[in-house]
Participant: 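Quick one: the structure is below, and I'll ask about it shortly.
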2 protein chains.
Amino acid sequence: MNPTIKDVAKHANVSIATVSRIVNGLSGYSEETKKKVQESIEALGYQPNAIARGLINKRTQTIGVLFPEVSGMLSSEVLEGVENAAHDGGFSVIVCNTASSGKRTVKYLRLLQEKRVDGIIFASEDVKKEYYKIFEEMKVPVVLVSTASTQYDLPYVRVNDYEGAFKATEYLIEKGHEEIGMIGGSYQDPIAGIPRMQGFKDALQKHGLPFSDDHLTTNEGYRFQNGKESLPLLLKKLPNMTALFAASDEMAIGAMSAAHQLGVKVPEELSIIGYDNLKIAEMCYPALTTVSQPLKDMGQTAGEILVNLIKGEKKEAESRYMPFSIVERQSVSDLRDK
Amino acid sequence: MNPTIKDVAKHANVSIATVSRIVNGLSGYSEETKKKVQESIEALGYQPNAIARGLINKRTQTIGVLFPEVSGMLSSEVLEGVENAAHDGGFSVIVCNTASSGKRTVKYLRLLQEKRVDGIIFASEDVKKEYYKIFEEMKVPVVLVSTASTQYDLPYVRVNDYEGAFKATEYLIEKGHEEIGMIGGSYQDPIAGIPRMQGFKDALQKHGLPFSDDHLTTNEGYRFQNGKESLPLLLKKLPNMTALFAASDEMAIGAMSAAHQLGVKVPEELSIIGYDNLKIAEMCYPALTTVSQPLKDMGQTAGEILVNLIKGEKKEAESRYMPFSIVERQSVSDLRDK
DNA sequence: GCGCTTTACGTAAACGTTTACGTATTTCTC
DNA sequence: GAGAAATACGTAAACGTTTACGTAAAGCGC
């Protein structure tokens, strides 16, 4: 097996306490013994056992991250940021794919509890009562990313969806559009669904444009297919629509795909603005104008906040609204040009 | 703190050994005490401490996964599969983002060694000597996914890149194309670079079509930008090109984007076939015909193989070539129609 | 009812660390 | 150079489990 601290101690003719002190950079030994011990460590190839350490320190230097789907482009960018911050802070990250299933989520939380992770990052989903109970039991810090909790006081890192949607809509209005539709999420979704739809509606009304149910389709998810299926419906309800706000990039691109099939030219006949700024946004044709969420930064920030909470440097973490911006590409035309 | 096995034992008036036996489903207790202990567990909300377990069992029920980038669409799909298989097998997964840096990789391997992971999945990169040495030191099973090692005997899960490229090229030839170019990877890359270029070349030659350096551009990476920048170069070298094989979907879509900008119509004037079948392949316009790698399945399979190796059910794992297929979408036109 | 096996436990060591405490030696102070 | 303070260690307990071993009681065959 791997050499242990005992082996090193024996090899260097000192006690394990001394080895431990040297390994951990504490004081209480001479330069001479330090050198001797370091040579033994080198000679034996000693690696401290993080499990044994974790047992006594009650710290595993590990955090858990829960995503509704790990292969989503949104999740994966956030994950990269989290992993980055965690690594910089000396933590490893365990990924958990909840698949948006309550049962799986609970099962994973229990697992993370058994594994004694030092903290948790919870992404893109609503915090149910069951989850919160476990958070409390675990007594480890939790930070939310790309979501927030309406009922519980948990720190979050996200963008203001209402404002993002509002600005996106205003952007279209500024470009001279007046018949504007939206492909939205679900009214059951208090995080990304309602606020984005509300922002859309409020922007229209602020600028004296009409709003009715005809201006909106709702969807269970935020995927390509949702957008692709929504466009024809919306076009039926709002035949003179010249611009479209989609609540996600995937939906926007789905709508773009449907538009191509229907022979509707983007952006000449229909302008489209998305939401997220995924990597695909610049890859599609025409490149998608969209509301940019700094996903990687969000993950990074959430990771940093969590690390600080774990290290106890901050007692109470403040939540953070991250700045969004509108990335102008080619999917929106300016009607005022004409 | 969390209740321990001792607390349960005290509460139920038995020894910790009995509690342990009951928790682990071993034998050696009466139904009566079992019930009593289970009630105590319930009452106290006892959760076994996986760290302490890991210390004595020398098993952490955790595996490490190393990716050159976690936010890539390729990695994230593979990761989902791995996570799935690991979870089913009772393992957690620690993700590591090597960022294609040797230093980072080594640092992560050391970390995983300290954390005493039970196995490792290594993705999409070449296994350097340094890495292999650590694998040997760690004495845990390793499985490669979406890569293979030319020098070391490590089990891998991947598709046959040579054949994939060969078939992709043949597909274009079957569609009547004769001036076919390729946007390739690097000759330094023995995994995805050389075999795909060789497959391309051999397919041309098999069908009596000429091949020269003019038919190929090489690239450091496989990203959108690489493809976008390659197309004009290739078009200059091969002005009559009617079809194009790109060594990755991202490059294919980059080429498509460049084609749009140059006013070259896809697929009417230029057919494009990609490689990977990422989710974006069906989202772009026109939808991309491509060589499909079963990424999630590959991750899943690699995860299963690793779990079996860890559990010792199989002593030596056989490597697996996963089946690829050509997914026909709209980016390739059939010249024979005319 | 005597020996033997089986059952149902309990005791204690072990896993590899960290760390409080003790102690011998050195260094300092005057 | 005597006593105090600092230094450089070593000893052993603790972290929360699993498990080999021991043992008392129960069950069994005859």
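Proteins get letters first, then strands, A, B, ... in listed order; numbering begins at 1 in each.
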Participant: Within the distance-only criterion (no hydrogens, no angle test), does the side chain of Gln61(A) pair as donor or acceptor with the backbone N or O of Gly90(A) below 3.5 angstrom?
Facilitator: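 Yes; judged by distance alone, with no hydrogens or angles, the pair exists.
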Participant: Among the nucleotides dG16(C), dT18(D), dG10(C), which one has an atom lying closest to any side-chain atom of Ser15(B)?
Facilitator: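 That would be dG10(C).
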Participant: Is Met322(A) close to Thr301(A) at the side-chain level, that is, under 4.5 Å between some pair of heavy atoms?
Facilitator: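 Yes, close enough: below the 4.5 Å cut-off.
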Participant: Enumerate the side chain to side chain donor-acceptor pair (under 3.5 Å) contacts for residues 22-37 of chain A, please, sequence neighbours excluded, ordered by first and then second residue.
Facilitator: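 Qualifying pairs: Ser20(A)-Asn24(A), Asn24(A)-Arg53(A), Ser30(A)-Thr33(A).
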Participant: From the list dT18(C), dC9(C), dT17(D), which nucleotide is the closest neighbour of the side chain of Arg21(B)?
Facilitator: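 Among the listed nucleotides, the one closest to the side chain of Arg21(B) is dC9(C).
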Participant: What is the distance, to the nearest angstrom, from the NZ atom on Lys115(A) to the C1' atom on dG16(D)?
Facilitator: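 About 16 Å, once rounded to whole Å.
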Participant: What is the distance, rounded to the nearest whole Å, between atom CD1 of Ile16(A) and atom P of dC9(D)?
Facilitator: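 Going from Ile16(A) (CD1) to dC9(D) (P), I get 15 Å.
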Participant: Between Gly28(B) and Arg116(B), name the one whose nearest nucleotide on DNA chain C is closer to the 5' end.
Facilitator: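 Going by which nucleotide is closer to the 5' end, it is Gly28(B).
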Participant: What is the separation between atom OH on Tyr29(A) and atom P on dA24(C), rounded to the nearest whole Å?
Facilitator: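 Nearest whole value for this atom pair: 24 Å.
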Participant: Side chain of Thr4(B): nearest nucleotide among dG16(D), dT17(C), dT19(D)?
Facilitator: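 Comparing dG16(D), dT17(C), dT19(D) against the side chain of Thr4(B), the answer is dG16(D).
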Participant: So if I take every side-chain heavy atom of Asn24(B) and compare against dG10(D), dT18(D), dT11(C), which nucleotide ends up nearest?
Facilitator: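 Of the candidates, dT18(D) comes closest.
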Participant: Between dC15(C), dT18(D), dG16(D), spot the one nearest the side chain of Lys58(B), thanks.
Facilitator: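 Selected nucleotide (nearest to the side chain): dC15(C).
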Participant: Measure from CD on Glu32(A) to C1' on dT25(C) and round the result to the nearest Å.
Facilitator: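 Distance, rounded to whole Å: 14 Å.
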Participant: Just checking Thr18(B): base, sugar-phosphate only, or nothing, at a heavy-atom cut-off of under 4.0 Å?
Facilitator: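 Contact class for Thr18(B): sugar-phosphate only.
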Participant: Check every strand shown and say whether Gln47(A) touches a base, only sugar-phosphate, or nothing at a heavy-atom separation below 4.0 Å.
Facilitator: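 Sugar-phosphate, backbone atoms only, no base.
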Participant: With a 4.0 Å cutoff (strictly under), does any side-chain N or O of Arg53(B) reach OP1 or OP2 of dG16(D)?
Facilitator: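 It does not, given that no N or O in the side chain of Arg53(B) lies less than 4.0 Å from OP1 or OP2 of dG16(D).
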Participant: Using a heavy-atom cut-off of under 4.0 Å over every strand shown, decide if Thr33(A) touches base, sugar-phosphate, or nothing.
Facilitator: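 Sugar-phosphate, backbone atoms only, no base.
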Participant: State yes or no: are the ring centers of Tyr108(A) and His87(B) separated by less than 6.0 Å?
Facilitator: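 Yes, the ring of Tyr108(A) comes within the 6.0 Å limit of the ring of His87(B), centre to centre.
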Participant: So if I take every side-chain heavy atom of Ala17(A) and compare against dG16(D), dT18(D), dG10(D), which nucleotide ends up nearest?
Facilitator: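 Taking heavy atoms from C-beta onward, the closest nucleotide is dG10(D).
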Participant: Look at the side chain of Ile56(B) and decide which nucleotide, out of dC9(C), dT17(D), dG16(C), has an atom nearest to it.
Facilitator: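 Out of dC9(C), dT17(D), dG16(C), the nucleotide with an atom closest to Ile56(B)'s side chain is dT17(D).
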Participant: Could you tell me if Gln38(A) and Glu42(A) have a donor-acceptor pair between their side chains, going purely by distance under 3.5 Å?
Facilitator: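 No, no side-chain donor-acceptor pair sits under 3.5 Å.
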Participant: Between Leu44(A) (CG) and dG16(C) (P), how many Å, whole number?
Facilitator: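 Value for this atom pair: 14 Å.
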Participant: Please confirm whether the ring centroid of Phe67(B) lies under 6.0 Å from the ring centroid of Phe122(B).
Facilitator: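 Between Phe67(B) and Phe122(B), the centre distance exceeds or equals 6.0 Å.
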Participant: Once you round it to whole Å, what is the distance between P of dA14(D) and CD1 of Ile51(B)?
Facilitator: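 It is 21 Å, rounded to the nearest whole Å.
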Participant: Nearest-Å distance, CG (Leu55(B)) to C1' (dT18(D))?
Facilitator: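 So the two atoms are 10 Å apart, to the nearest Å.
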Participant: When you get a sec, tell me which of dA8(D), dC9(C), dC15(D) is the closest nucleotide to the side chain of Ser30(A)?
Facilitator: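 That would be dA8(D).
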Participant: Using the side-chain heavy atoms of Ile5(B), tell me which of these nucleotides is nearest: dT19(C), dT17(C), dT18(D).
Facilitator: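 Side chain of Ile5(B) sits closest to dT18(D).
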Participant: Glu31(B) has an atom CD; how far is it from atom P of dC9(C), in whole Å?
Facilitator: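 Rounded to whole Å, this separation is 11 Å.
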